[in-house]
Each structure stands twice: as structure tokens, then as C-alpha cells.
Amino acid sequence: KATVSVLYWTYIPFPPSPFKMSEATSAPWVPYEETPKSMRCAMGARWVVSYPLQRTVGFGVTVGELILAVLFIAVIVFSAVSWETTRSGGFAQFPMLFAFVTAAKHSPLTFLLGIPFERRLAYHKLSAYMAIIAGVLHGVIAYAKDDTSDSGKHQWTGTVTVLCAVLMATTAYHVIRRKAFEVFYFLHVVLFTCIIVFLAMHGAIAVLGGVLLWFVDVMIRAVYTSCWQPSRCTLTHLSGTDIVRVDIEGMRYSPGQYAFLCFPEVGIFEWHPVSFSSAMCEGSTASFHLRCSSGWTKRLLELASGPEPKEHTVYVDGSYGSCSVDVESEKYEHFLFVAGGIGITPMRSIATSITEQGTRGRKVQLLETHWSVRDGVAKVIPMNAQHGLTMYRTGGNTEIEMGEVTPVEEKPWKVQHGRMNLEAVVEGFKGRVQQEGIRVAVLFCGPPAMLGPLTEACHKHSSSSVSFDLHSETFEF
């Protein structure tokens, strides 16, 4: 039983379980309170290692990605310099091995470094691209040396493997993935299987270690999911909007996390990541808000349509994810939340949790939320006075780029017409910080068009007195 519990925490940090309100509200706040007591020191130590790896160095590239790219480029250069078939083939296995390791949802990288699945995808893509380059170079060397041993089996199996990898990378391009997710997913599974088969025939034994890790991860999640009966959820179409609220009882999660949801009535093989919009301190019901536009979400909207909430079956895989800044410890006392549209949901979850922790002894000096939103969404996402909300209306009266602040009766926030000036937001927050040597946790979720200006503003206004540490999520996955 003890062994099982260790594996359970390692691979599934926050499993669904019954939740009692008293557990969240009666005890004084302590850092990493969602983590088992025996592992809290390890969590703090892990942040010392992982935080520098997740810092950006420009153009959206993190330190960890830069280190990985340099290592893989060195591998490719050594392969080219050696110009030897066997050695270049051995080098080509390393980026492919790392691509498989980072494809697992519960990778050792998560346990050791705290880098969650959604941010490991950047490592996965980088590894895959480098593996293709190294594989092409290996093939060029093999054909140049006219290595036709084993009746040319190594040449044709290697060629097919590279072609499958190129097709997989092409269909994984974000435009195709977003417009035709089912096509991307189906081809990814089929081509992934082909690559495994042809790599085994080719003799790339080292890569099969990564395949084994991925397979173990899949089996653990399959057993985990099968141990829980399908959950019942309530679907509510929020009147006057294209938003569906999903309520599920008895889930355990951390603020800012997400879960993969599958509605059998919509598609038995379709799992989609959705952020929690609720916080556990609000009760035992976990809530999600989904904006429905096309494809899977449009079918979900049709399922939820009607004047009354409806109960349906849902499968849940998760929860997953964590912030790239350490919001679970006492490191930060100043918080700036920025959101665009439905991106307010994870920001609301984190802000609600932090403000509740403030009532139990956590020191919160300043917390503000800036939300760019159309009127329809604003009506259905519940906010409270502690969120320090400023809402920027991009629907309705939008002719004023930066309009006057409008007081709202009986509402604990202010409304401003027009687009959000992100540099003014960051500069204004810096002016309201009273102390010196302060680190501000900036948390963002929204469209990619907002991320660039916010990143530039955080870099521009960071100084020895106030430093802005940015965690960002976009609608890309």
C-alpha cells in the first residue's frame, strides 16, 4: 500500500477525491499545502532548479529550451563532422528518444523538475524537429557511403521513418491542429505507430526505451481511469452567450490546473483540455467554462442547449499543469493577473485561491486582475471584490482606444472602454508597489496577440527595485 501511494503521487499529483470544505478553510495557510507533508521540502528544492529553466531569454524561448537546442545542435554537428554511418545513427537516436520522453503526460521531467505536460510540449516539438534533421543527415551519410548491408533494409526502413516523421510534424503545425484537431490526432497515432515499427526494424534500440516509458504512462492512466466510474456532470448553457458551464462533484485539483474531458455523447475518442474556473476553497463542485465555436465545442453546446441544466456522463483525465512561477509558496506577495476573453477562467481560479489563503494567514500585499472581454462573457464568469478587477470592454462602445474608467453600481470593479494598454497596466502596477526589491508574479492567459506586448512590458519595467516574473498560457495546446 505504501508503494502504491508513492507512485500515485508521482504520476497523478491531484487525483479526484471527495473534498470537505472544512479542510480548506479551518487550517492556517502553509506553503505547498496541496502537497503531501513529506514532499514539501522537495517541492521547494525543485523550484530552485526548475525556475531558471523556465525563464525566457527572448523571442519566447526559455533557458531550458535553449540548453536543449544547443545540445541537439552539437549532436548534429558531431554527426556531420564524423561522416560515419553508425555514429551518426547513434547520435540521431538521442533527440528522438527525448521526443518520446516528453510526449508522456507523466514524464520524469515533471517529477524531477516540475515542468508540466503543457510546457513540455515545447521540448517535445524541438526534440522532434531536431530528430528529423539528425535523421535526414544520417540518411544522407548512409546513401553517400552506399551502405547496402542487410539487402538495403537499413536504408529503406530509415527512409520510411523519416518520411513518417516529416508528415507527422507537418500535420502537427498549429494551423492544421487547431482547424482539424481530429485529423491531426488520428494521423499522429497512426504515424507514431509506424515510426515505432520501422525504428525497431532499423535497429534503433535506444529509442525504444522512450517508447517503453510512454507506454507505461499510457497504461498507468488507463488503469487509473478504469478504477473510477464515469463521473456525472451538469451541463448548463449560459443564456445569451456561447458558453457552457460544466460542473463535476468530488474532484481534487490545484488552482490554475486543467483536466482532459471526454463526453461520450459528443465523441467517445475525443479528449480536450479544459481549465478549471473554480477554486477548491469554494466547495466540492469543480467548474469549467467552455466557449463553444465549432467542432467538438459546438456539439457540446448542442448537447447542453435548453432552458434547464442537464446531467450527462463525462470521463475525466487529470488534473494536470502548474504555473511557471511559484505561487504556492511565500515567495510572492504581489500578483498581477491579465486575461483575454475566456482566458479568465484559470486566472480566476488562482486569484480566488490566493485571496482565500490571505484570510488564513498568507501575506498578500497587492493583487489586481485586468480582463479584456466582450460583454457576453463578462456576464457569466463570477468575480469578487478581492480580485481587484478592471474590465476592458472590447465589445459595444469600442471607438475609444483608452476610454474613461466607468464606475459600475453594486459591482466591485471598474470598466474601461477600448483595448487594454498592457504597458500602462504593468507600469501602473509598478507605481503602486510600495517596497523595494519586490518580485511580482504576473500570470496571463489569453490570445497570443496579447502575450508579446505583455512580455515586452514585463522586461521593460523590471528593475532592481521591482521584478516582473511572467507565467503565460495561450489558447494554443
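All values derive from a computational prediction rather than experimental measurement. For this chain, numbers begin at 1 and follow the sequence in order.
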Asks: Distance only, no hydrogens: is a donor on one side chain within 3.5 Å (strictly under) of an acceptor on the other, for D247 and S287?
Replies: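 On atom types as modelled, these side chains qualify, holding a pair under 3.5 Å.
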Asks: Any Lys/Arg nitrogen of K460 or E456 sitting under 4.0 Å from an Asp/Glu carboxylate oxygen of the other?
Replies: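 No salt bridge links K460 with E456.
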Asks: Starting at SG of C458, measure out to CG of L470 and round the result to the nearest 0.5 Å.
Replies: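 Answer rounded to 0.5 Å: 5.0 Å.
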Asks: For the backbone of H461 and the side chain of K430, can you confirm whether one donor and one acceptor N or O come within less than 3.5 Å of each other?
Replies: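 Side chain of K430 to backbone of H461: a pair is present.
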Asks: State, to 0.1 Å, how close M251 and A286 come at their nearest heavy-atom pair, and which atoms those are.
Replies: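 Looking at all heavy atoms of both residues, the shortest contact is CB-CB, 4.0 Å.
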Asks: Taking G89's backbone N and O only, do any of them form a donor-acceptor pair with H138's side chain (distance below 3.5 Å, no angle check)?
Replies: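 Side chain of H138 to backbone of G89, a donor-acceptor pair under 3.5 Å: yes, one is there.
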Asks: Check for a donor-acceptor pair, side chain of W371 on one end and backbone N or O of G340 on the other, with a separation under 3.5 Å.
Replies: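 No; judged by distance alone, with no hydrogens or angles, the pair does not exist.
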Asks: For the CG atom of L336 and the CG atom of L367, what is their distance to the nearest 0.5 Å?
Replies: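 Atom-to-atom, L336:CG and L367:CG are 8.5 Å apart.
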Asks: Measure from the side-chain N and O atoms of T102 to the backbone N and O of F98, and report whether any donor-acceptor pair falls under 3.5 Å.
Replies: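 Answer holds: yes.
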Asks: Using a strict 4.0 Å threshold on nitrogen-to-oxygen distance, state whether R439 and D469 make a salt bridge.
Replies: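 Answer for the salt bridge query: yes.
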Asks: For S277 and H289, test the side chains for any donor-to-acceptor distance below 3.5 angstrom and give the result as yes or no.
Replies: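 Checked: S277/H289 side chains pair up, N/O donor to acceptor below 3.5 Å.
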Asks: Any ion pair linking R362 and E328 (charged N to carboxylate O, less than 4.0 Å)?
Replies: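 So E328 does not pair with R362 through a salt bridge.
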Asks: To the nearest 0.5 Å, tell me how far I132 CD1 sits from M130 CE.
Replies: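 One gets 11.0 Å once the value is rounded to the nearest 0.5 Å.
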Asks: Between F100 and F192, is the ring centroid distance below 6.0 Å?
Replies: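 That pair passes the under 6.0 Å test.
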Asks: Knowing that exactly one of Y253, F276, Y258, F260 qualifies, which makes a ring-ring contact (aromatic ring centres under 6.0 Å, His included) with F288?
Replies: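 Answer after filtering Y253, F276, Y258, F260: F276.
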Asks: Using modelled atom types only, decide if a donor and an acceptor are shared between the side chain of T359 and the backbone of E356 within a distance under 3.5 Å.
Replies: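 A pair under 3.5 Å: yes.
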Asks: Has S349 got a side-chain atom pairing as donor or acceptor with S278's backbone, closer than 3.5 angstrom?
Replies: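 Yes: the side chain of S349 pairs with the backbone of S278.
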Asks: Side chain to side chain contact (heavy atoms under 4.5 Å, CB included) for I243 and L290? Distances and angles first, verdict last.
Replies: CA-CA 5 Å; I243 294 177; L290 294 86; over 6 Å; no
